[in-house]
Undergrad: 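Here it is, the structure in full.
Note that this is a predicted model, so its numbers are computed, not measured. Chain letters run A, B, ... following the sequence lines, proteins first, then strands; residues in each count from 1.
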Amino acid sequence: MKIVCNGTEHQVAAGAKIVDLLKEFDLAADTVVVECDTLILKREDYDRHELREGSVVELIRFVGGG
Amino acid sequence: MFVTPDFAELKKAIAAADAFDVQQALAAERIGIKGLAALLSPAAKPYMGVMAEKSAQITGRRFGRAVQLYAPLYLSSFCSNRCVYCGFSADNQIERRVLTLAEAEHEATILHDRGFNHLLLVSGEAPAKMGVAYLEELALRLRDRFAAISIEVQPLRGEEYARLFAAGITAVAVYQETYDRDVYRQVHLSGKKSDYDHRLATPALVAAAGMREVGIGALLGLSDWRAEGLAIGLHLAWLRKHFWRTALTVSFPRMRPAMGEFTPPLPVSEREMTQLIFALRIFDPDVGLLLSTREEARYRDGMLGLGPTRYSAGSCTVPGGYGNRDVTGEQFSVGDHRNIDEVSEVIRQKGFDPVRKDWDPIFQMHGRRPQSAALVI
Amino acid sequence: MLIIAGRSFRSRLFGGTGKFSSPAVMKEALDASGCEMVTVALRRVDLADPADDIMSVLDRERYLFLPNTSGARDAGEAVRLAHLARASGGGEWLKLEVTPDPRTLLPDPIETLKATEILVKEGFHVLPYMNADPILALRLQDVGAAAVMPLGSPIGTNQGVLTKAMIEIIIDQAQVPVVVDAGLGAPSHAALAMEMGADAVLVNTAIAVAGDPVRMARAFAMAVEAGRAAYESGLGMVSKDAAASSPEDGLGFLR
């Protein structure tokens, strides 16, 4: 199924969870915050929260800034 | 909550100042409490000329060449306090009266006709004889004729100040009389006023209630004037930090040794009071400084432009005294007997503008009573 | 000791983490600066290079992260970024930036006040970036800002403390700490702000883009310390006309 992650379309397996998405990008769960369909997810929910067709996901992290 | 430092500590801080500290303060933009202590100290005596110049400069820059004029209107001489220095003290055998609302309005009308737009309502502290309801009703009757109405009455509660503000009173004076706790106890024998801390907390209540202006001060002659000055400075600074929306004023009621009256234990000379005025002006460029008719015409004229920004004029300190010259029982005797026109004339001659009004309550939206029904129909 | 929202800081220099040539240089420079609080921004992970996590080089035990809301154009966006920052492990600390004008990046006072009010109620320690407007500082303080961060000059311009007269009033009036932020281009600018009585300064660009960021970081640390020491020692004033007693020409009326 198709989702939008950080503004671009991605193909993920049906029933994929957040944790699968992070694995695909090789991202450690404790370095990012995940917003899925405008909801900020708790870290403990990453392996429970299922993606749906058309889900809009934002993967956010701290970067350099003043 | 504002807490006065120990009076002895204040005296010590002042005594520690030397000529170098005075010079530093006189060269600084913001002198701070340490600078104020220096300018109040004996070490500043030789610098009176420089202080006068600096004080005048700051006053001119902040207030321009304007001098505000006001008149006190005494409403009641009843008082439940026993204060050894005051003509209204409950112990004193004087003829006492409280003006009826109609009488008070009549007195106000006389002052209005004489050209005053700024009124200070004064009374002894006897809530049973003259309370909030009285002040509220009087303010409502007067508010459309006067640009500013201030009060100097017993300390009230926060919600009472808010009520009076809605009725058109915009400023409150609550003088501590002395910041010296020991002396305070000695001179305030009984009555509500004998509670030092309650009185000290009142200016903050006034500000929190939304009044545009609060006045503080010490009665000069009760204790060490230099330490009083430093305490006033601390109180001002604290009020500024916590109530930045509120304008502040300081008054300088000076007791003079006189026959049959209370003899001040530590009389303050004209020169000393002048040093106090200059020091506070340099410390706080924005504070309004009041000089009442307790002082003589010569002195008041001389001080024009040097620091004070507000003068009373044509004052009578007995309830009903404007309409009837024969009433007796005044709070203190007046040193400048000129009427408002005479005072205004001198102010003009010296190149200043006598301002009889400042703010117009018409601009204040909050709490206005609707116009009378007759106008609506 | 500087205390903000109950936490004490030994260093009065706050660092920024943007614009460095590499994470390694950033780390070395921040270590040299002695600062204990660093600002960080929030951005989407670059999915083309997801391993590029520059913040991982910084020791979270040593540095308190102060997440900013850079990029927010109104209060709503700032609040959303604040929530993301908290979820990212930023704790309750927040440098609130609302900058609708992408050219100058000057802060919007109205949206900043709105956002501060909302975020304080949500339990954030809000440090709003603001123009050097004394009344705004008091209004922000009144709604619960933990500190105020007036700008010295427009961000990234290195022009120093152009807002000196206003910042002096802010310092004079504020009950919360005043952190001068933005525009400090040289250690002397930071020293000036500290001599004026600022509680701290925040420096990013001037360190990050210096020829030698590590030495520049050290230079700022020394300047901040020098300025603070001068402030606490009581600066000797330039004496103009008060050196000697002068005649009392105007006081002849005194008795």
Undergrad: Taking Ala87(C), Gly16(C), Ala182(C) one by one, which has the highest count of heavy-atom pairs under 4.5 Å against chain A?
TA: Ala87(C)

Undergrad: Just verifying a value: how many Å separate Ser88(C) OG and Asp30(A) CG, rounded to the nearest 0.5 Å?
TA: 11.5 Å

Undergrad: With rounding to the nearest 0.5 angstrom, report the CZ to CG distance, Phe62(A) to Leu58(C).
TA: 11.5 Å

Undergrad: Do Val45(C) and Phe25(A) have side chains that get closer than 4.5 Å, going by heavy atoms?
TA: no

Undergrad: How many angstroms lie between CD1 in Ile60(A) and CG in Leu81(C), if you round to the nearest 0.5 Å?
TA: 8.0 Å

Undergrad: Identify the heavy atoms of Val33(A) and Leu84(C) that sit nearest to each other, and give their distance.
TA: CG1-O, 3.9 Å

Undergrad: Calculate, to the nearest 0.5 Å, the distance between atoms CZ and CD1 belonging to Arg86(C) and Ile40(A) respectively.
TA: 9.0 Å

Undergrad: For residues Glu58(A) and Arg44(C), determine if any side-chain heavy atom of one lies less than 4.5 Å from a side-chain heavy atom of the other.
TA: yes

Undergrad: Decide yes or no for His83(C) and Glu35(A): does some side-chain heavy atom of the first lie under 4.5 Å from some side-chain heavy atom of the second?
TA: no

Undergrad: Between chain A and each of Val38(C), Asn204(C), Leu42(C), count heavy-atom pairs under 4.5 Å; write down the option with the most.
TA: Leu42(C)

Undergrad: Sort Tyr129(C) into side chain, backbone, both or neither according to what part of it lies under 4.5 angstrom from a heavy atom of chain A.
TA: neither

Undergrad: Considering only heavy atoms, which portion of Lys95(C) lies under 4.5 Å from any heavy atom of chain A: side chain, backbone, both, or neither?
TA: side chain

Undergrad: Does atom CZ (Arg43(C)) have a neighbourhood of more than 12 heavy atoms from anything else shown, all under 6.0 Å?
TA: yes

